[in-house]
Participant: 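Got a structure here, written out as structure tokens. Questions coming.
No hydrogens, no waters, no symmetry mates; every other heavy atom, side chains included, goes into these values. In this text, all values refer to a predicted model and were calculated from it rather than measured experimentally.
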Amino acid sequence: LGDGTNTRSNTPVTVTGITNAVAVSAGMEHSCALLADGTVECWGHNYYGQLGNGTNNDSNVPVPVTGITDATALSANGRHSCIVNDDGTVSCWGHNDYGELGNGTNTTSNTPVQVTGITDAVTVSIGAYHTCSLRSGGSIACWGANGYGRLGDGTMVNSNTPVTTTGIAAATAVAGGGSHTCALPGDGSIACWGFNNYGQLGNGTNVNFATPSTVSGITDAISVAPGDADTCALRDDGAVLCWGYNGSGQLGNGTTMNSNVPVVVAGYTGTGG
């Protein structure tokens with residue numbers, strides 16, 4: 001929680017020493033903040049170097065990430081973290097057993113390393129053990145673990161350098177979930193790929209897809225947020241829809257039944273009713 005203690009809290013506590021944050025992102029056991037001056041600070045578990053400060057020591061207060069001075073976007077998830085630099089390159093640090101740092105190795109790093117071959121990144125988004133970046137032309141590049149096809153390149157082979165996601169050329173957003181990935185292709189639809197055991201791809205099946213598959217019935221999405229085994233989207237009329245695993249009610253539709261197609265979250269039906 002970054003408040004200088006190791007005490008759990010069921011109400012918000014203030015992170016120590018940060019007054020100029022512009023973005024924050026939480027991983028499995030760590031968190032990072034992008035500050036207004038382009039630097040990044042992280043706190044929490046650091047066994048894999050996911051805090052990026054050159055050590056593997058946990059910290060309950062924010063520590064500066066080494067060498068980052070011009071970050072424009074940030075993502076943390078799983079056990080690694082990544083940023084977009086203002087020159088369009090991407091830097092990542094932390095766990096790298098599956099190549100999720102994207103630098104051509106499988107060596108974990110406690111300081112930032114540059115992702116190979118990307119100089120036009122707009123955003124970056126991390127899944128559990130994979131990473132994806134939206135590029136300025138609208139294509140998507142992903143790297144890391146590719147079990148179930150979560151990189152979207154038509155294979156299920158891990159890659160420690162970026163590979164291009166098939167069939168998406170004008171995307172406006174990409175977001176990584178646990179073992180799946182989703183994007184906004186730019187026409188109001190949503191495309192997802194990867195693990196689909198609970199229907200988290202939203203295409204009416206429970207079959208894994210190694211290339212993007214269109215989510216059923218959504219033509220006006222403005223954002224998408226994959227979780228571990230579920231996915232939610234916001235439509236332009238204010239409606240929120242979710243699909244996938246629902247064992248704890250995470251689809252918000254008043255049931256605990258999984259759904260492989262989008263269902264409307266209760267109370268968020270949009271202006272269309």
Side-chain angles (χ1 to χ4, degrees), residues 1-86 89-96 100-102 108-115 121-134 144 173-178 223-228 230-232 234 240 248 250 252:
L1 303 189
D3 66 340
T5 78
N6 289 60
T7 304
R8 297 180 183 183
S9 179
N10 58 19
T11 58
V13 294
T14 301
V15 175
T16 300
I18 293 183
T19 58
N20 59 339
V22 295
V24 65
S25 186
M28 187 178 295
E29 297 164 329
H30 75 291
S31 301
C32 294
L34 171 62
L35 307 185
D37 62 0
T39 61
V40 175
E41 298 192 4
C42 300
W43 57 96
H45 189 49
N46 197 30
Y47 182 82
Y48 298 100
Q50 54 264 58
L51 303 190
N53 68 334
T55 79
N56 291 75
N57 301 322
D58 299 343
S59 179
N60 57 22
V61 295
V63 295
V65 176
T66 301
I68 300 297
T69 59
D70 58 0
T72 61
L74 163 72
S75 183
N77 200 344
R79 295 183 171 97
H80 70 295
S81 314
C82 296
I83 57 99
V84 177
N85 299 292
D86 69 357
T89 60
V90 178
S91 299
C92 299
W93 56 95
H95 190 273
N96 197 32
E100 55 263 53
L101 301 190
T108 294
S109 179
N110 58 19
T111 57
V113 295
Q114 186 167 316
V115 173
V122 178
T123 64
V124 63
S125 184
I126 295 177
Y129 296 105
H130 71 291
T131 311
C132 293
S133 178
L134 174 65
V174 63
S223 68
V224 63
D228 183 39
D230 64 300
T231 309
C232 293
L234 174 65
V240 179
S248 299
Q250 43 267 74

Participant: How long is the span from the CD atom in Q114 to the CG atom in N85, to the nearest 0.5 Å?
Facilitator: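 If we round to the nearest 0.5 Å, Q114:CD and N85:CG are 7.0 Å apart.
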
Participant: Say you draw a straight line from CG of D58 to CG of L51; how long is it, rounded to the nearest 0.5 Å?
Facilitator: 7.5 Å

Participant: How would you list all residue pairs meeting ring pair (Phe, Tyr, Trp, His ring centres under 6.0 Å) that involve residues 47-79, not counting sequence neighbours?
Facilitator: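 Matches after skipping sequence neighbours: Y48-H95.
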
Participant: Between S109 and W93, is there a donor-acceptor pair closer than 3.5 Å when you use the side chain of the first and the backbone of the second?
Facilitator: no

Participant: Looking at residues at least two apart in the chain, or sitting in another chain, which of them share a side chain to side chain donor-acceptor pair (under 3.5 Å) with T39?
Facilitator: D37

Participant: Does any non-hydrogen side-chain atom of T55 lie less than 4.5 Å from one of N46?
Facilitator: yes

Participant: What pairs with N60 under side chain to side chain contact (heavy atoms under 4.5 Å, CB included), at least two apart in sequence or on another chain?
Facilitator: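 If we apply the side chain to side chain contact (heavy atoms under 4.5 Å, CB included) test to N60, skipping adjacent residues, the hits are N6.
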
Participant: Would you say the side chain of T231 lies within less than 4.5 Å of the side chain of V224, judging by non-hydrogen atoms?
Facilitator: yes

Participant: Which distance, rounded to the nearest 0.5 Å, do you find between the CD of Q50 and the CD of E29?
Facilitator: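 Nearest 0.5 Å value for the CD-CD distance: 7.5 Å.
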
Participant: Take atom CG of D3 as the centre, draw a 6.0 Å sphere, and report whether it contains more than 12 heavy atoms from other residues, nucleotides or ligands.
Facilitator: yes

Participant: Can you tell me which residue among V90, L101, V65, V40 is in a side-chain contact (heavy atoms from CB on, under 4.5 Å) with P112?
Facilitator: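 Exactly one pass, corresponding to V65.
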
Participant: What pairs meet the disulfide (SG to SG under 2.5 Å) rule with one or both residues in residues 51-83, with sequence neighbours excluded?
Facilitator: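 Residue pairs with at least one partner in residues 51-83: C82-C92.
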
Participant: In chain order, what residues pass the side chain to side chain donor-acceptor pair (under 3.5 Å) check against N20, with sequence neighbours excluded?
Facilitator: none

Participant: Suppose the criterion is side-chain hydrogen bond (donor to acceptor under 3.5 Å, both in side chains): which pairs have a residue in residues 71-81, not counting sequence neighbours?
Facilitator: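 Listed once each, the pairs are H30-S81, R79-Y129, H80-T131.
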
